[in-house]
Amino acid sequence: MNNTQALEIVEFLGKYNEHFTELFVFLGEKQNKVLADDILWLHESLTTEQKLAMMGNSLENKRLEMMERLGFSEYTSSKLLEICPEEFRGRLKLECTNIENTIGKIKQLNADILETVEKKMAAAEGFLRDKGILATDVYDEAGAKHRLNNPDDDIIGSV
């Protein structure tokens with residue numbers, strides 16, 4: 001790996017890190033809105049969430065293309081660090097570490113949000129059952145019935 005290649009990789013990973021940081025901040029806000037039952041915000045934020053997902057996919061495709069073009073498509077981050085010029089090694093390691101850490105936080109935040117939603121749905125179903133409403137079904141856009149707290153009917157994830 002030469003200096004030009006190392007610089008291109010490091011700069012790209014810096015942009016990738018900015019995206020993951022933006023996504024993490026958005027998901028933190030989403031978690032707060034889920035906890036606050038702010039359905040209107042959650043609904044209005046769907047386009048932002050879709051935009052962030054599409055941007056992540058685009059960046060990943062660009063990363064794969066860049067690594068292919070540079071001849072490093074099969075290299076892991078540790079292998080890249082081994083062949084990286086000394087003057088770029090610290091920056092490359094920092095970017096790789098930041099990406100790994102932020103992705104880990106994003107995964108945990110997503111899991112926490114899902115767990116919160118599942119608990120809220122179970123509580124709502126229990127509340128309705130206690131009020132004598134035995135069926136907690138909803139209808140999708142095609143008119144099919146779905147139970148609110150049935151993992152097989154993942155209406156939350158399909159919104």
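- Rounding to the nearest 0.5 Å places CG of Asn17 at 5.5 Å from OG1 of Thr102.
- The number of heavy-atom neighbours closer than 6.0 Å to NZ of Lys120, taken from other residues, nucleotides and ligands shown, is above 12.
- Between Leu46 atom CG and Trp41 atom CH2 the span is 9.0 Å, to the nearest 0.5 Å.
- Annotation for Leu64: hydrophobic cluster partners, listed by chain and number, are none (ILVMFWY side-chain heavy atoms under 4.5 Å, direct or chained).
- Glu60 and Tyr16 are linked by a side-chain donor-acceptor pair at a separation below 3.5 angstrom, with hydrogens and angles left out of the test.
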Using the salt bridge (Lys or Arg N to Asp or Glu O under 4.0 Å) rule, take Arg89 and Glu86 through it: C-alpha gap first, then chi angles, then the decisive distance, then the call. CA-CA 5 Å; Arg89 196 166 290 149; Glu86 186 63 38; 2.7 Å; yes
Please step through side chain to side chain contact (heavy atoms under 4.5 Å, CB included) for the pair Glu68 and Glu65, ending with a clear verdict. CA-CA 5 Å; Glu68 180 74 29; Glu65 289 169 7; 5.7 Å; no
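- Leu59 places a side-chain heavy atom less than 4.5 Å from the side chain of Phe12.
- The hydrophobic cluster around Leu7 extends to Phe88, counting ILVMFWY residues whose side-chain heavy atoms fall within less than 4.5 Å of a member.
- Look at Arg69 and Glu8 and you find a salt bridge, because one of the NZ, NE, NH1 or NH2 atoms lies within 4.0 Å of a carboxylate O, short of that distance.
- The OG1 atom of Thr21 sits 9.5 Å away from atom CD1 of Ile99, with the distance rounded to the nearest 0.5 Å.
- Atoms CG and NE2, from Leu52 and His19 in turn, are 6.0 Å apart once rounded to the nearest 0.5 Å.
- In this structure, Leu114 CG and Leu109 CG are separated by 11.5 Å, a value rounded to the nearest 0.5 Å.
- Rounded to the nearest 0.5 angstrom, Leu27 CG and Glu22 CD are separated by 10.5 Å.
- Judged purely by atom type and a 3.5 angstrom limit, Thr76 uses its side chain to pair as donor or acceptor with the backbone of Lys79.
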One pair to check against salt bridge (Lys or Arg N to Asp or Glu O under 4.0 Å): Glu11 and Lys15. What are the steps and the verdict? CA-CA 7 Å; Glu11 286 179 348; Lys15 291 176 189 171; over 6 Å; no
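- Cluster annotation: Leu94 and Ile9 are assigned to distinct hydrophobic clusters (Ile/Leu/Val/Met/Phe/Trp/Tyr, side-chain heavy-atom contacts under 4.5 Å, transitive).
- The closest side-chain heavy-atom distance from Leu13 to Arg91 is not below 4.5 Å.
- You'll find the side chain of Phe72 reaches within 4.5 Å of the side chain of Gln5, heavy atoms only.
- Cluster annotation: Leu35 is not connected to Phe26 through the hydrophobic network of ILVMFWY side chains, with a link wherever side-chain heavy atoms come within less than 4.5 Å.
- By the criterion of side-chain heavy atoms lying less than 4.5 angstrom apart, applied directly or through intervening Ile, Leu, Val, Met, Phe, Trp or Tyr residues, Met121 is grouped together with Ile39 in one hydrophobic cluster.
- There is a side-chain donor-acceptor pair under 3.5 Å between Gln108 and Asp112.
- A 4.5 Å side-chain heavy-atom check between Asn2 and Pro85 finds every atom pair outside the cut-off.
- Nearest heavy-atom pair across Glu95 and Val10 is CG-O, 4.0 Å.
- When the shell of 6.0 Å around CD of Glu87 is examined, it contains more than 12 heavy atoms from other residues, nucleotides or ligands.
- Of all the heavy atoms in Met1 and Cys84, the pair that sits closest is SD-CA, 3.9 Å.
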